[in-house]
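Data block below; observations after.
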Amino acid sequence: MEIRLNGKTREVADGITVSQLLDELTLQALRVAVQVNTDIIKRERYEEVVLQPGDTVEILTFMSGG
Amino acid sequence: MRGGEILTIAGKEFRSRLFVGTGKYPDFSTMEKALAASGTEMVTVAVRRVNLDRTQESLLDYIDLKKYSLLPNTAGCYTADEAVKYSRLAREVGMSNWVKLEVIGDQRTLFPDNEELLKATKILVKDGFVVLPYTNDDPVFAKKLEDAGAAAVMPLGAPIGSGLGIRNPHNIAIILQGAKVPVIVDAGVGTASDASIAMEMGADGVLMNTAIAGAKDPVKMAEAMRKAIEAGRLAYEAGRIPKKSYASASTTMEGMIE
């Protein structure tokens, strides 16, 4: 199925969870925040949140800034 | 709480009164050295999309979290809703509830939108955040932010990145006279003397980024800023002499030959 990930279309497995997506992206160990559509997903819910086709996923972290 | 030799913000103690941004350095390694030279204990960061290309270096590889606390900002946010959203995302990333709250009202000056800033401050304070709002040098508005529960107020010295120094020291002085929470001069510093001036006036701290990152030698400028902050603070604690229009001899006339 297709999702929008950080502004780009991405093909992922049907029924993939947030946790599995982070594994696939090798981001699991990193400090990130995940937003699915308009909801911020808490860390403890990564394993239970299943992505749906067409979901907009944003994965954010700390970058340089003043 | 204000005054005393150690700066306390929301119960957290800082030995250094200099806060430094992590943007605009030539490279991460220069930033790392500049942060060390500045003596800072808290650095600002932004919340942005993660780089999905994992071969690239990440900012956090260069920030020793045992040495520095992170102060996430909401730079680039133009509404209270957006700033609240970014603060919550930052809390998820960093597992810290501190935020340098910026709600910008105008792209060219990057001056804050007070109405939205106050609205966001109230929401975030209620949500348990330690809110450090970046505001303009308006004493009335600084008081409103304090009353809304801001842990510190951060009036600008001059527009972000402008290097113009403290453009309205009289307003900053009025803010300092009235504030019960720490006052951190945020933005506008161009060189070391600007930082000293803010500290001599009794500011509790100074936050800067471009003045260090954009200097020809950021590491050397970071050291200059550390010394300027320390010198300014010491001068404030020492209590300067009043200004007079006429001379007052340092050497006595007594004992001169007739």
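It should be emphasised that the depicted structure is a prediction, and the values quoted were computed from it without experimental measurement. Every chain is numbered from 1, with letters handed out A, B, ... down the list of sequences.
Rounded to the nearest 0.5 angstrom, B:Leu89 CG and A:Glu58 CD are separated by 9.0 Å. Once rounded to the nearest 0.5 Å, the distance linking OG of A:Ser64 with CD1 of B:Ile63 reads 7.5 Å. To the nearest 0.5 angstrom, A:Leu27 atom CG is 6.5 Å from B:Leu52 atom CG. Separation of atoms CZ (A:Arg31) and CG (B:Leu59) is listed at 11.5 Å; rounding is to 0.5 Å. The CD atom of B:Glu92 lies 11.0 Å from the CG atom of A:Leu60; values are rounded to the nearest 0.5 Å.
Partner of B:Val50 under the side chain to side chain contact (heavy atoms under 4.5 Å, CB included) criterion, chosen from A:Asn6, A:Leu25, A:Leu22: A:Asn6. Each of B:Leu70, B:Thr22, B:Asn73, B:Thr44 was compared with A:Phe62 under the side chain to side chain contact (heavy atoms under 4.5 Å, CB included) criterion, and only B:Leu70 meets it.
In this structure, chain A has a heavy atom under 4.5 Å from the side chain of B:Leu65, while its backbone stays farther away. Of the atoms belonging to B:Lys85, heavy atoms from both backbone and side chain fall under 4.5 Å from chain A. Contact of B:Ala90 with chain A is made through backbone and side chain together, with heavy-atom distances under 4.5 Å. Only the side chain of B:Phe28 comes within less than 4.5 Å of a heavy atom in chain A; its backbone stays farther off. Heavy atoms closer than 4.5 Å to chain B are found nowhere in A:Lys8, neither backbone nor side chain.
Residue with the most contacts toward chain B among A:Thr26, A:Leu5, A:Thr38: A:Thr26 (heavy-atom pairs, distance under 4.5 Å). With chain A as partner, the option from B:Gly76, B:Gly94, B:Gly23, B:Gly21 having the largest number of non-hydrogen pairs under 4.5 angstrom is B:Gly23. In terms of non-hydrogen atom pairs under 4.5 Å with chain A, the most contact-rich of B:Leu71, B:Leu60, B:Thr210, B:Ile160 is B:Leu60. Ranked by non-hydrogen atom pairs under 4.5 Å with chain B, the options A:Arg43, A:Met63, A:Lys42 are led by A:Met63.
Heavy atoms from other residues, nucleotides or ligands lying under 6.0 Å from CD of A:Glu47 number 12 at most. Heavy atoms of other residues, nucleotides or ligands lying less than 6.0 angstrom from CD of A:Glu11 number more than 12.
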Any chance you could lay out the side chain to side chain contact (heavy atoms under 4.5 Å, CB included) test for A:Val32 and B:Arg49, step after step, and finish with the verdict?
CA-CA 9 Å; A:Val32 293; B:Arg49 280 173 172 164; over 6 Å; no
